[in-house]
Amino acid sequence: MDAISYERAGDVAGAVRAAQQSGAVFIGGGTNLLDLMKGGVARPMRLIDITHISGLDTVTTLPDGGIRLGALVRNSDAANHALVREQYPLLSQAFLAGASSQLRNMATVGGNLLQRTRCGYFYDTAFTQCNKRMPGSGCAALDGHNRTHAILGASPQCIAVNPSDMSVALAALDAVVRVTGPAGERTIAFADFHRLPGDRPDVDTTLQPGELITAVDLLPPLFSANSHYLKVRDRASYAFALISVAAALQMDGTRVKTARIALGGVAHKPWRASVAEQMLNGQPLTQATLNNAASAALREARPQRENRFKVELAQRAIVRAVNQAAGHAGGVA
Ligand code: SF4
């Protein structure tokens, strides 16, 4: 058994200082980290408990009309917060689609951003090939079971997907992640926060060593009237997405003024369907336009042996989510 030291941080500066010790990691809700530790996937030497830092567990209004979600806001509290429900229903739906109510009561916004993939080979240390767990060892999923794996943006090193629902909605909303580290504070555009695997699948994000996530900022709400989070999974609750779609629209009558579409369950990071968005922007929302946009969103898909179904599933999910966002539950003409 490994010896682990525990330290309770009183403020952000103290947490960042403590994290500079070798083998230190932050712990918030612990809903993913403790699983990783129990399975021997993560073996930290020092746990820096950040849950007692004041000021990180609030939802506040920003001067520009956006909101700030503190990194320690619990997923269930964020989902049910009046500002989130009324102004960012897409995000509230995504929170509620994740995990179980018990886990949402513990999991934090910051921790949700750092969830690691649920690739079974990553969690099972009996498998000796996993570049994410042991760089350079190979990828058991390439020739193994890969039904749930990536169809976009993967590399020969890793075909895992990001499991977060929250992050798919935040990608569609162009959120900004606020962090504090040894070099001070900085912000990271959401599109730049998570990484594609490339030749470093062991690195999930662009966080620098010792940086602590302090908050996520949302721009003023533009999509509260027309948005929808659709999650397709093997069972109705407590399952990760096979495919998910965060669709947010600004409508001008029947015409799409601005479309935002992000996909989950398809890549190592939440995947913005930028080509599809461009094909919808400024266009009347017809079934033909929407079908063409959904097809274009998957044009670069490179499915694995067991997950070819994901390509059509993602296209259909985009069509359904955008229709729902536009208020056309039965489809458009
Ligand atoms: Fe490991 Fe990634 Fe391959 Fe899964 S897909 S076995 S996480 S390298």
Side-chain angles (χ1 to χ4, degrees), residues 2 23 25-27 30-44 98-99 103 107 110-168 171 191-207 209 231-235 238-244 262-272 298 300-311 313-314:
D2 299 331
V25 299
F26 299 120
I27 184 165
T31 54
N32 190 205
L33 179 60
L34 292 181
D35 277 349
L36 293 165
M37 290 171 65
K38 282 188 267 187
V41 179
R43 305 181 72 172
L103 285 165
N112 196 326
L113 285 174
L114 299 178
Q115 279 191 77
R116 306 216 70 188
T117 184
R118 261 57 181 190
C119 172
Y121 300 107
F122 175 68
Y123 281 81
D124 189 343
T125 56
F127 287 93
T128 54
Q129 287 190 318
C130 177
N131 287 322
K132 187 177 282 296
R133 179 162 37 83
M134 292 182 297
S137 62
C139 172
L142 283 173
D143 294 319
H145 291 299
N146 47 40
R147 177 175 176 271
T148 61
H149 287 67
I151 56 174
L152 288 163
S155 79
Q157 297 279 315
C158 180
I159 56 172
V161 296
N162 184 297
S164 170
D165 292 293
M166 175 197 78
S167 293
V168 182
D192 299 328
F193 184 78
H194 294 101
R195 293 181 68 255
L196 289 176
D199 58 3
R200 288 298 308 273
D202 54 315
V203 182
D204 290 345
T205 72
T206 55
L207 279 178
K231 180 174 182 178
V232 183
R233 46 188 158 175
D234 282 327
R235 57 173 186 254
Y238 195 35
F240 295 99
L242 289 169
I243 296 289
S244 68
L263 306 179
V266 299
H268 201 256
K269 61 185 286 184
W271 188 267
R272 272 292 283 271
L298 276 297
E300 305 294 322
R302 299 288 178 270
Q304 303 298 317
R305 181 171 46 83
E306 292 183 346
N307 69 6
R308 295 184 194 286
F309 72 96
K310 276 193 174 187
V311 178
L313 185 61

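What you are looking at is a predicted structure, and each value in this text was computed from that prediction instead of being measured. The basis for the numbers below is simple: all heavy atoms, side chains too, and nothing from hydrogens, waters or symmetry mates. Counting starts at 1 for both ligands and their atoms, following the listed order.
- Under 2.8 Å from atom 2 (Fe) of ligand 1 lies no N/O/S atom of C119, from backbone or side chain alike.
- The F122 neighbourhood of ligand 1 comprises atoms 7 (S), with distances under 4.0 Å to a heavy atom of that residue.
- With R195 contributing its side chain and V203 its backbone, the two residues share a donor-acceptor pair below 3.5 Å.
- For atom 5 (S) of ligand 1, the closest non-hydrogen atom on the protein side is I159 N, 3.3 Å.
- Side chains of S164 and N112: a donor-acceptor N/O pair is present below 3.5 angstrom, by distance only.
- Closest to atom 1 (Fe) of ligand 1, if we only count protein heavy atoms, is C130 SG, 2.3 Å.
- The protein atom (non-hydrogen) at minimum distance from atom 2 (Fe) of ligand 1 is C158 SG, 2.4 Å.
- Close approach of ligand 1 to Q157 (heavy-atom distance below 4.0 Å) involves ligand atoms 8 (S).
- Not a single heavy atom of R133 sits closer than 4.0 Å to an atom of ligand 1.
- Here D143 does not pair with R305 in a salt bridge; the nearest charged N to carboxylate O distance is not below 4.0 Å.
- Under 4.0 Å is where a charged nitrogen must lie from a carboxylate oxygen, and between R233 and D165 no such pair does.
- Residue, atom and distance of the protein heavy atom nearest to atom 3 (Fe) of ligand 1 are C139 SG, 2.3 Å.
- At least one side-chain heavy atom of Y121 sits less than 4.5 Å from a side-chain heavy atom of H145.
- The atoms of ligand 1 that sit less than 4.0 Å from any heavy atom of K132 are 7 (S), 8 (S).
- Given atom 6 (S) of ligand 1, the protein heavy atom at minimum distance is Y121 CB, 3.5 Å.
- V41 has its side chain within reach of T125: a pair of non-hydrogen atoms, C-beta onward, lies under 4.5 Å apart.
- Of the candidates D204, T206, L113, H194 forms a side chain to side chain contact (heavy atoms under 4.5 Å, CB included) with just one, namely L113.
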